[in-house]
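The structure displayed is predicted, hence computed values, not measured ones. Note that ligands are numbered from 1 as they come in the structure, with each ligand's atoms numbered from 1 the same way.
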Amino acid sequence: MAVGVFDSGLGGLTVLDAVVKRLPDVPFVYFGDNAHAPYGVRTPDDIFKLTCAATERLWAEGCDLVILACNTAAAAALHRMQTTWVPPNKRVLGVFVPLIEALTERQWGDNSPPREVAVKHVALFATPATVATRAFQRELAFRAIGVDVEAQPCAGVVDAIEQGDEILAEALVRSHVEALKRRMPDPEAAILGCTHYPLVEKAFSEALGEGVKVYSQANLVAESLADYLQRRPEFVGSGAQSRFLTTGDPKAVSSKATQFMRKQVVFESV
Ligand code: DGL
């Protein structure tokens with residue numbers, strides 16, 4: 001049994017860390033498409049093709065269920081994958097919905113009409129491609145009314161993280177938060193809508209200031225995956241071994257992953 005976790009690069013490791021803690025007996029195969037990161041500046045068509053190729057590789061590892069631990073892929077490609085490409089005996093899930101359910105105080109599968117929720121002013125930080133899809137606003141509108149969302153496309157942050165340049169990534173975070181605050185001075189909640197951003201979460205929290213609740217996806221996705229596997233145990237595939245695969249240079253990727261995760265991570269070539 002194994003479950004696949006996909007990201008364009010290092011960001012999905014934040015989700016992997018949480019799912020491994022939540023489901024210690026399940027082997028996970030991680031796929032980082034580091035050679036093609038960042039996805040956030042690519043076209044939806046391009047993102048679709050790259051994400052399908054990575055998903056197929058994870059299926060070949062015996063992972064019938066693949067988690068897209070990448071908001072950009074989930075926002076730009078998941079719907080198309082699910083409706084035109086994924087065969088009935090496989091599943092591909094995204095990381096968006098658990099986050100929106102938490103923000104809108106809903107349990108999984110609660111499809112009741114949209115209603116008022118506690119938060120009214122939400123700052124969304126995501127890649128330019130994710131912001132352009134407006135997928136977050138759409139999912140939110142299905143569940144909540146009267147929530148004002150201000151989205152900030154955070155150009156450059158994923159690239160800086162993928163280059164291992166924490167100082168640049170943190171400087172860019174501060175400038176994106178400042179830009180957002182000029183348009184929405186007092187957000188009550190902030191969504192880190194890119195799985196790379198928890199790697200620089202401290203910079204986000206400090207720039208946002210106290211009193212802003214920061215939502216990031218890792219633990220929410222872990223809970224939701226545990227729940228899913230309980231309901232659909234048949235989607236734990238036949239794979240038996242945890243592995244870290246990358247399309248990039250395994251040595252360089254391992255060293256950056258170890259730097260950001262603050263523990264040793266060893267990647268191999270796909
Ligand atoms: N971690 C991806 C996400 O959640 C980053 C996308 C990118 O490569 O730009 O959106």
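Using cut-offs of 30° and 60° on the angle between ring planes, the pair Tyr30 and Phe244 is tilted. In this pair, Tyr39 and Phe6 present their aromatic rings tilted. The plane angle is within the 30 to 60° band.
Aromatic pair Phe125/Phe204: centroids less than 6.0 angstrom apart.
Looking at atom 7 (C) of ligand 1, its nearest protein heavy atom turns out to be Tyr39 N, 3.1 Å. Nearest protein heavy-atom contact of atom 5 (C) of ligand 1 is His196 ND1, 3.4 Å. The shortest contact between atom 9 (O) of ligand 1 and any protein heavy atom is with Gly40 N, 2.7 Å. When hydrogens are left out, the protein atom nearest atom 10 (O) of ligand 1 is Thr72 OG1, 2.6 Å; that is the closest non-hydrogen contact.
Grouping the Ile, Leu, Val, Met, Phe, Trp and Tyr side chains by contacts below 4.5 angstrom, directly or via other members, places Val200 with Leu16.
An N or O contact shorter than 3.5 Å links Asp7 to ligand 1 by distance.
Residue Cys70 places a heavy atom less than 4.0 Å from ligand 1.
Against a heavy-atom cut-off of under 4.0 Å, Asn71 is close to the following atoms of ligand 1: 3 (C), 4 (O), 10 (O). Near Thr127, meaning under 4.0 Å from any of its heavy atoms, are these atoms of ligand 1: 6 (C), 9 (O), 10 (O).
Taking 4.0 Å as the cut-off between side-chain N and carboxylate O, Glu150 and Arg183 count as a salt-bridged pair.
Taking the centre and axis of the six-membered ring of Tyr215, the NZ or CZ atom of Lys213 falls inside the cone set by 45° and 6.0 Å.
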